2 protein chains.
Amino acid sequence: MTNASYKQFCPVAMAAEVLCTRWTVVLLRELVAGSTRFNELRRGVPRMSPALLSKRLSELESAGVVERERLTDPPDVDAYRLTRAGRDLQPVIEAIGMWGQKWVETEPSLENLDPELLMWDMRRNLDTTPVPDRRVVIEFIYPELPRSQRKWWLIVEPDETVDLCHIDPGFDVDLYATVDLRTMTEIWMGLRSVADAVDRDALLLVGSSDLIRSMQTWLGLSPFAQQEKLAS
Amino acid sequence: MTNASYKQFCPVAMAAEVLCTRWTVVLLRELVAGSTRFNELRRGVPRMSPALLSKRLSELESAGVVERERLTDPPDVDAYRLTRAGRDLQPVIEAIGMWGQKWVETEPSLENLDPELLMWDMRRNLDTTPVPDRRVVIEFIYPELPRSQRKWWLIVEPDETVDLCHIDPGFDVDLYATVDLRTMTEIWMGLRSVADAVDRDALLLVGSSDLIRSMQTWLGLSPFAQQEKLAS
DNA sequence: CCGGATCCGGTTAGATACTG
DNA sequence: CAGTATCTAACCGGATCCGG
């Protein structure tokens, strides 16, 4: 046991010993979302140091929440998966996220935007059902960002896998979306709609009119976007 | 903002900044349960230092979860109450507790028992409806404990308020319960039944046969006691 | 007694660099 | 790619003290 215990027999305290250390629930959100590899997890939790990530994964393994599996395909590499106890944390993480969306003031966290994190989340939640039955390429352009973070491509393959690139894959582009990072993040979080952003010239869409019309649908949004916000 | 931010726009991370610092959810459990005064909170979270309790209450006030009210009855004294956002945390705390009861191994926390905490929780959750319509006094005796913690009295008044004393109030006692602290804690947590403990001579009940028969009912148990345990 | 504030030593976390 | 190692800053626990 690395954490000092609360030394209480209350189940809330017992669970809090496992869950309520720094970065742990953010990491669990990433595991619940399906990331399994060390660097895949790092991508979802980019400001967590690798040392602490490694430590937290070991602690969660000791607590029976995560199990480590040695892979054969890339050899000498581990995958981290939730155990049954870990999957049972999904309602807990969701309840925490719903409360955060409803009650935590968003302004401070909108000052710490991250295009890679946003695109990575969008890739994961993209709703591919309304997308045509062929390869579809959407290019996002954030004009205010430095060149290395300015352009991102989401590529939906016919088998409905979605890839994210930040170097030009060379395919024909079906839709260009030019937008500032804050606006796109607000749309992703459900704080404003695609239509509103287009009306106010914060989002410029050029390309397939089908994709433009259905963007609010195929852009899957954050799992918490439907929760109304009540914070000041 | 005293806490370092996760600098993520994800609602889970935003909520975790408020909730997932040491002692915070245990303190919130106490506030959800209805404690309002500083030393009343200390009683429910006895191993938390007063300095940290004060700091956490201030942080929760800044986060809009708790509001401080200056009382007039005992003057120059504050009461801490949950705001609407704070009351909205009840499902979150409950989900955490349910997960803890289901999945966290209890053995370690059963090595850190606390009779005052147990009796204080029992006092709060006592179900007074099946108790007769007159003053009822139940004396708990923990023979293995030092004299200062050995005897406790639960006093149910006709108006259904419940008092806890650890000095003899001098009333006639309707039921004596002689038990070791671990057994009584296990019963409170739903890990074993009153009947089982009596059968195995871990709990000795002397007094009103009505009270003995209905003990499993009026002993309100932990709010999490009905959750089955699956941890190893 | 109530409601904290202060000080100090140990632990945890963040930043950065480095290795197989 | 998948982590360690190292150093420093921040946080936490425990004890003590203080004004009303």
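Every chain is numbered from 1, with letters handed out A, B, ... down the list of sequences. Everything numeric in this text was worked out from a predicted model, so none of it was measured.
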Check whether more than 12 heavy atoms from other residues, nucleotides or ligands sit under 6.0 Å from atom CG of B/Asp172, and answer yes or no. no
Rounded to the nearest 0.5 Å, what's the gap from OH on B/Tyr80 to OG1 on B/Thr83? Could you check? 15.0 Å
Hey, what do you get for OG1 (A/Thr106) to CE (B/Met14), rounding to the nearest 0.5 Å? 6.0 Å
Residue pairs passing the side-chain hydrogen bond (donor to acceptor under 3.5 Å, both in side chains) test with at least one member in residues 87-102 of chain A, sequence neighbours excluded, are A/Asp88-B/Lys102, A/Asp88-B/Trp103, A/Gln90-A/Glu94, A/Lys102-B/Asp88
A/Trp23, nearest nucleotide to its side chain (from C/dG14, C/dG3, C/dA13): C/dG14
Ranking C/dC2, C/dA13, D/dA2 by distance to the side chain of A/Val77, first place goes to D/dA2
Rounded to whole Å, the CD-P distance (B/Glu40 to C/dG3) equals 10 Å
With A/Glu67 via salt bridge (Lys or Arg N to Asp or Glu O under 4.0 Å) - residues at least two apart: none
Nucleotide nearest B/Asn39 when distance is taken to its side chain, options D/dA2, C/dG3, C/dG14: C/dG3
What salt bridge (charged side-chain N to carboxylate O under 4.0 Å, His left out) pairs are there with at least one residue in residues 147-156 of chain A, not counting sequence neighbours? none
Tell me whether the OP1 or OP2 atom of C/dG3 has a side-chain N or O from B/Arg37 closer than 4.0 Å. yes
B/Leu52 CG to C/dT12 P, in whole Å, measures 15 Å
Distance-only donor-acceptor pairs under 3.5 Å for side chains of residues 112-120 of chain B, two or more places apart:
{"from": "B/Asp114", "atom 1": "OD1", "to": "B/Glu116", "atom 2": "N", "distance (Å)": "3.0"}
{"from": "B/Asp114", "atom 1": "OD1", "to": "B/Leu117", "atom 2": "N", "distance (Å)": "3.1"}
{"from": "B/Glu116", "atom 1": "OE2", "to": "B/Arg43", "atom 2": "NH1", "distance (Å)": "3.2"}

May I ask you to verify if any side-chain N or O of A/Arg22 is less than 4.0 angstrom from the OP1 or OP2 atom of D/dA10? no
Atom CG of A/Asp76 and atom P of D/dT4: how far apart are they, to the nearest Å? 14 Å
Here the distance between atom P of C/dA15 and atom OH of B/Tyr6, to the nearest Å, is 13 Å
Could you give the CZ-to-P distance, from B/Arg43 to C/dC2, as a whole number of Å? 9 Å
In Å, rounded to the nearest 0.5 Å, how long is the span from CG of A/Leu31 to CG of A/Leu41? 5.0 Å
One would report the end-axis bend of the helix from C/dC1-D/dG20 to C/dG20-D/dC1, five pairs per end and rounded to 10 degrees, as 20°
note: B/Glu17, atom CD; D/dC11, atom P; distance rounded to Å ~ 13 Å
Please give, in whole Å, the distance from D/dG3 P to A/Arg56 CZ? 16 Å
Can you confirm whether the side chains of A/Thr36 and A/Arg81 place a donor and an acceptor under 3.5 Å from each other? no
Each nucleotide N or O in nucleotides 4-6 of chain C that has a protein N or O under 3.5 Å away: list the pair and distance.
{"from": "C/dG4", "atom 1": "OP2", "to": "B/Tyr80", "atom 2": "OH", "distance (Å)": "2.1"}
{"from": "C/dA5", "atom 1": "OP2", "to": "B/Ser54", "atom 2": "OG", "distance (Å)": "3.3"}

Rounded to the Å, how far apart are A/Leu53 CG and D/dG3 P? 8 Å
